[in-house]
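What follows is one structure encoded as structure tokens, with my remarks underneath.
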Protein chains: 2
Amino acid sequence: MPKDNTVKSLKRAIAVLDCFSQKEPELGVTEIARKLDMQKSTIFNILTTFQESGILIKNPSNNKYQLGYKLLHLSYIINSGISIREDFLPFMKEIANATGEVCYFGLLDGLEVLYIDAVYPMTQLQARNILGERAPLYCTGLGKAMLANLSEEQINEVLSGPMPPFTKCTITDPDVLRIELEEIRQNGFAVDNMEHEFGIRCVAVPVFGLSGKILGAVSVSGPSPRFDPPTIVRTAAIITEKLKTLQRCY
Amino acid sequence: MPKDNTVKSLKRAIAVLDCFSQKEPELGVTEIARKLDMQKSTIFNILTTFQESGILIKNPSNNKYQLGYKLLHLSYIINSGISIREDFLPFMKEIANATGEVCYFGLLDGLEVLYIDAVYPMTQLQARNILGERAPLYCTGLGKAMLANLSEEQINEVLSGPMPPFTKCTITDPDVLRIELEEIRQNGFAVDNMEHEFGIRCVAVPVFGLSGKILGAVSVSGPSPRFDPPTIVRTAAIITEKLKTLQRCY
DNA sequence: AATATCTGTTCAGTAATACAGAACAGCTCC
DNA sequence: GGAGCTGTTCTGTATTACTGAACAGATATT
């Protein structure tokens with residue numbers, strides 16, 4: 001039996017943190033205990049510790065917990081360290097203004113899309129912050145652009161996992177997706193045809209690091225009526241062209 | 001000996017997280033062990049566990065660790081839950097445009113300022129994101145506006161703690177600060193006279209919750225030449241006036 | 001209004017495990 | 001080539017985290 005060098009009680013505590021989501025931002029002791037199939041008292045001790053340190057906040061009115069401001073601060077430290085974010089910002093502004101649509105930039109994190117930034121064209125109002133949002137690889141433009149450039153092994157892992165349909169356009173058949181991934185590699189861009197959000201089409205171009213490995217992707221998305229096939233091809237060309245002008249060091 | 005209901009190994013792990021800062025975003029095993037006066041192997045196990053779960057990332061080139069993207073995601077969940085943020089946004093835009101200077105909004109978190117948002121006037125380019133940044137209470141406009149409205153006990157705690165000077169204008173004498181806090185209470189606004197950043201003046205107005213407790217503050221700041229005493233008073237009046245129009249539910 | 005059934009909380013004993021400490025390995029710099 | 005760093009591995013022991021049951025407070029039900 002090899003040693004695994006991990007602190008198991010810490011693993012349990014992190015599992016507790018992972019219970020919180022946008023849909024369930026507030027959870028109680030029993031709720032979490034049921035989710036993780038653990039003892040109430042165990043969860044209670046973990047929650048108390050997290051609360052004392054500011055990682056969780058306890059709502060006194062209903063005794064439920066939510067993620068605390070300390071996490072916001074930790075995230076700020078990361079954010080100020082993501083230099084790639086600032087490098088891409090002017091570049092994204094150009095794309096947003098050249099296309100007149102929203103431009104997204106996402107990184108590959110594990111086997112998920114991690115949204116880093118959204119830039120709106122001058123004509124649109126800047127909306128909410130999306131830094132830190134996540135989305136699956138199989139049904140988003142950014143995701144498919146990255147997925148197509150992963151190893152066969154990683155692709156299998158994604159395609160063999162659960163792929164719940166987000167809209168009636170979501171591609172849930174692994175074989176159909178495999179064919180599309182080949183097309184993406186040949187074209188150099190991926191298209192999301194309302195697969196993640198109905199009525200929204202999206203074109204995404206992969207971004208590679210200097211080592212040749214996939215880093216992330218840049219996309220432009222908007223209402224489907226404005227995104228007919230010719231527009232899609234033209235938009236992909238614009239992004240690809242602008243990407244070439246970008247000096248990077250990753 | 002009363003039970004404390006906390007998981008001590010988790011406390012240690014959180015202490016490890018707290019070692020990371022903007023100045024030291026990357027730390028090694030020995031470095032952390034020295035900081036916390038703990039065994040190297042203990043830190044190693046904690047770091048390994050954090051890394052496996054994505055909370056920390058290990059840089060393979062130098063074996064140092066940094067905060068990972070999972071924290072970014074957790075912070076995103078919080079962010080989308082801070083409704084006060086969106087409530088204040090249009091209001092801050094009005095102030096930024098009415099004064100032509102940057103408008104800040106911060107919450108009181110513990111005994112520190114937690115920056116929530118910065119809005120730049122139309123004439124200035126939006127700069128970096130500051131959500132999650134922190135600053136002390138004793139030497140910032142936002143901080144002093146809040147500090148003046150805390151309990152005597154909390155004020156003592158801040159004034160008796162270390163108050164390192166950020167600039168040559170930073171007020172480090174508790175007695176001088178006490179007099180100023182009284183002025184702030186009477187005037188209804190606080191002034192930061194280059195105490196945190198040299199050359200930058202700032203006017204801040206406190207924001208109270210419905211219960212009457214201090215929640216945070218709103219400030220306007222800019223280069224000192226533009227912020228002479230009459231301008232400061234006028235700016236404070238603008239913020240106060242706009243604040244009255246804000247319907248809140250906190 | 002009284003009971004039932006949820007919550008969150010406390011506590012003591014035991015089984016698990018986290019940590020100390022030493023030894024090893026890989027690296028850089030003298 | 002060795003001396004000083006790193007990070008990593010490993011084992012025994014003492015700490016302590018978890019189990020499980022009992023209690024308390026709130027809410028819902030009858």
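What you see is a predicted model, and the numbers here were worked out from it, not measured in a lab. Proteins get letters first, then strands, A, B, ... in listed order; numbering begins at 1 in each. Only this structure's heavy atoms are used, side chains among them; waters, hydrogens and symmetry mates stay out.
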When you measure from the side chain of B:V29, which nucleotide among D:dA17, C:dT9, D:dG7 comes out closest?
->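 Of all the options, the side chain of B:V29 is nearest to D:dG7.
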- When A:M146 is tested against each of A:L111, A:I184, A:L108 for side chain to side chain contact (heavy atoms under 4.5 Å, CB included), which residue passes?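 Result: among A:L111, A:I184, A:L108, A:L108 is the only option passing the side chain to side chain contact (heavy atoms under 4.5 Å, CB included) with A:M146.
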Using only side-chain N and O atoms of [X], determine if any of them is under 4.0 Å from OP1 or OP2 of [N].
{"X": "A:N5", "N": "D:dT9", "value": "yes"}
{"X": "B:R12", "N": "C:dA18", "value": "no"}
{"X": "B:R34", "N": "D:dT6", "value": "yes"}

Q) So how far is it from A:N63 CG to A:K58 NZ, rounded to the nearest 0.5 Å? A)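 It is 5.0 Å, given to the nearest 0.5 Å.
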**Prompt:** Out of curiosity, A:L67 CG to A:L72 CG, how far, rounded to the nearest 0.5 Å?
**Reply:**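 So the CG of A:L67 and the CG of A:L72 are separated by 10.0 Å.
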Nearest whole Å is fine: how far is [N] [atom2] from [X] [atom1]?
{"X": "A:L10", "N": "C:dT17", "atom1": "CG", "atom2": "C1'", "result": "13 Å"}
{"X": "B:L36", "N": "C:dC19", "atom1": "CG", "atom2": "P", "result": "12 Å"}
{"X": "A:I32", "N": "C:dT7", "atom1": "CD1", "atom2": "P", "result": "13 Å"}
{"X": "B:E26", "N": "D:dG7", "atom1": "CD", "atom2": "C1'", "result": "15 Å"}
{"X": "B:N63", "N": "C:dC27", "atom1": "CG", "atom2": "P", "result": "9 Å"}
{"X": "B:I46", "N": "D:dT8", "atom1": "CD1", "atom2": "P", "result": "14 Å"}
{"X": "B:K64", "N": "C:dC27", "atom1": "NZ", "atom2": "C1'", "result": "13 Å"}
{"X": "B:K11", "N": "D:dT16", "atom1": "NZ", "atom2": "P", "result": "11 Å"}

Practice prompt. State, yes or no, whether a side-chain contact exists between A:T6 and B:E52 at a heavy-atom distance under 4.5 Å.
Written response: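 Yes, side chains in contact.
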Can you find a pair of side-chain heavy atoms, one from B:C103 and one from B:F105, that are under 4.5 Å apart?
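No, their side chains stay 4.5 Å or more apart.
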Is a side-chain donor or acceptor of [X] paired with a backbone partner of [Y] at a separation under 3.5 angstrom?
{"X": "A:T167", "Y": "A:C169", "result": "yes"}
{"X": "A:T172", "Y": "A:M163", "result": "no"}
{"X": "B:Y76", "Y": "A:R134", "result": "no"}

**Item:** Salt bridge present between B:E152 and B:R178 (N-O < 4.0 angstrom)
**Value:**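 A salt bridge is present here (some side-chain N lies under 4.0 Å from a carboxylate O).
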Assess whether a salt bridge exists between B:E195 and B:K168, defined as any Lys/Arg side-chain N lying under 4.0 Å from an Asp/Glu carboxylate O.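 A salt bridge is absent here (no side-chain N lies under 4.0 Å from a carboxylate O).
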Legend entry - From CA spacing to verdict: side-chain contact (heavy atoms from CB on, under 4.5 Å), B:L27, B:Y65: CA-CA 5 Å; B:L27 295 169; B:Y65 296 79; 5.9 Å; no
Mind listing the residues from residues 53-62 of chain A sitting with a heavy atom below 4.0 Å of DNA chain C? Number order is fine.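 Heavy-atom contacts with DNA chain C come from A:K58.
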Restricting both atoms to N or O, compile the protein contacts to nucleotides 20-22 of chain C shorter than 3.5 Å, with distance only.
residue: C:dA20; atom: OP2; partner: B:T42; partner atom: OG1; Å: 2.6
residue: C:dA20; atom: N7; partner: B:S41; partner atom: OG; Å: 3.3
residue: C:dG21; atom: N7; partner: B:Q39; partner atom: NE2; Å: 3.4
residue: C:dG21; atom: O6; partner: B:S41; partner atom: OG; Å: 2.8

- Taking every non-hydrogen atom, the tightest pair across B:S53 and A:I14: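 Minimum heavy-atom separation between B:S53 and A:I14: OG-CD1, 3.3 Å.
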Item to complete: For B:T6, report the nucleic acid contact type (base, sugar-phosphate, nothing); a contact means any heavy atom under 4.0 Å.
Response: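 Sugar-phosphate contact only - B:T6 comes under 4.0 Å of backbone atoms but never of a base.
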Bend angle of the helix from C:dA1-D:dT30 to C:dG26-D:dC5, from helix axes over five pairs at each end, nearest 10°
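For the helix from C:dA1-D:dT30 to C:dG26-D:dC5, the axes at either end differ by 50°.
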